[in-house]
Amino acid sequence: MLNLIDALPGHITRGFAEQVVVEPFFNGKTAGQWFVDTALHWTMQSEPRVWTASILGALADSDRSYPDIFLPRVTARTLIIHGAGDKVFSLQDAEQVRRLLRTRSSIVRLAGEGHSPHWSTHGAARVAGLLGDLVEEPASTQGLLV
């Protein structure tokens, strides 16, 4: 990733924004062109130095065991939503999060969705429905796999 940033001409290009933001994180066909254009526009408003600092910061923190420390402290019912086509986190990653939680939790996989299912029109409706169900569900039934 740093080599992509180093190759930029002093500003964020549309090609960089498409490769780094649009392609890995959402399905542009289902999100709608307005969303693609908005995501590209705001990504291109950033500067290469900001991206470099973000990547270096993420790498510096990557050896820390934040999930092992913080996830067991979560006390709220938790719904883990995983896009079946997620190229960032695997189903095994989602299952590891669930194992680390000490509260009632469940995992729902959404077919046809990627890393950010709430960014597509169909996915957003599905996520909203799942969250609505979570809020309305009696606490005694939380944690069932659906």
For H82 and F89, I'd like to know if the aromatic rings sit close, meaning centre-to-centre distance below 6.0 Å.
no
Nearest-0.5 Å distance that lies between atom CD1 in I69 and atom CG in L100:
11.0 Å
Drop me the distance from R99's CZ to S105's OG, to the nearest 0.5 angstrom.
11.0 Å
Where do D37 and R14 come nearest, in terms of heavy atoms and distance?
OD1-NH2, 4.3 Å
If we only count heavy atoms from C-beta on, is the R102 to V74 side-chain gap below 4.5 Å?
no
Can you tell me how far CG of D86 sits from CG of L110, rounded to the nearest 0.5 angstrom?
10.5 Å
Quick one: are I12 and P48 in side-chain contact, heavy atoms under 4.5 Å?
yes
If I take atom CG from residue L79 and atom CZ from residue R98, how far apart are they, to the nearest 0.5 angstrom?
10.5 Å
If hydrophobic clusters are built by linking Ile, Leu, Val, Met, Phe, Trp and Tyr wherever their side-chain heavy atoms come under 4.5 Å apart, do I5 and W42 end up in the same one?
no
Check whether any side-chain heavy atom of R126 sits under 4.5 Å from a side-chain heavy atom of E113, and report yes or no.
yes
With heavy-atom distances below 4.5 Å as the criterion, would you say the side chains of V36 and Q33 are in contact?
yes
Report yes or no: do I80 and L91 belong to one cluster of Ile/Leu/Val/Met/Phe/Trp/Tyr joined by side chain heavy-atom distances under 4.5 Å?
yes
Backbone of S90 reached by a side-chain donor or acceptor of D93 within 3.5 Å:
yes
So, T78 side chain and A76 main chain: donor-acceptor pair closer than 3.5 Å or not?
yes
Looking at side-chain heavy atoms only, is the closest gap between H11 and E47 below 4.5 Å?
no
Scanning both residues in full, the closest heavy-atom pair of P67 with P72 reads O-CD, 3.5 Å
Starting at CD1 of I81, measure out to OG of S116 and round the result to the nearest 0.5 Å.
11.5 Å
Minimum side-chain heavy-atom gap T13-L8 below 4.5 Å:
yes
Contact between T43 and V20 at the side-chain level, heavy atoms closer than 4.5 Å - yes or no?
no
Supply the atom-to-atom distance R49 CZ to L56 CG, rounded to the nearest 0.5 angstrom.
13.5 Å
For the residue pair Q96 and Q92, establish whether any side-chain heavy-atom pair is separated by less than 4.5 Å.
no
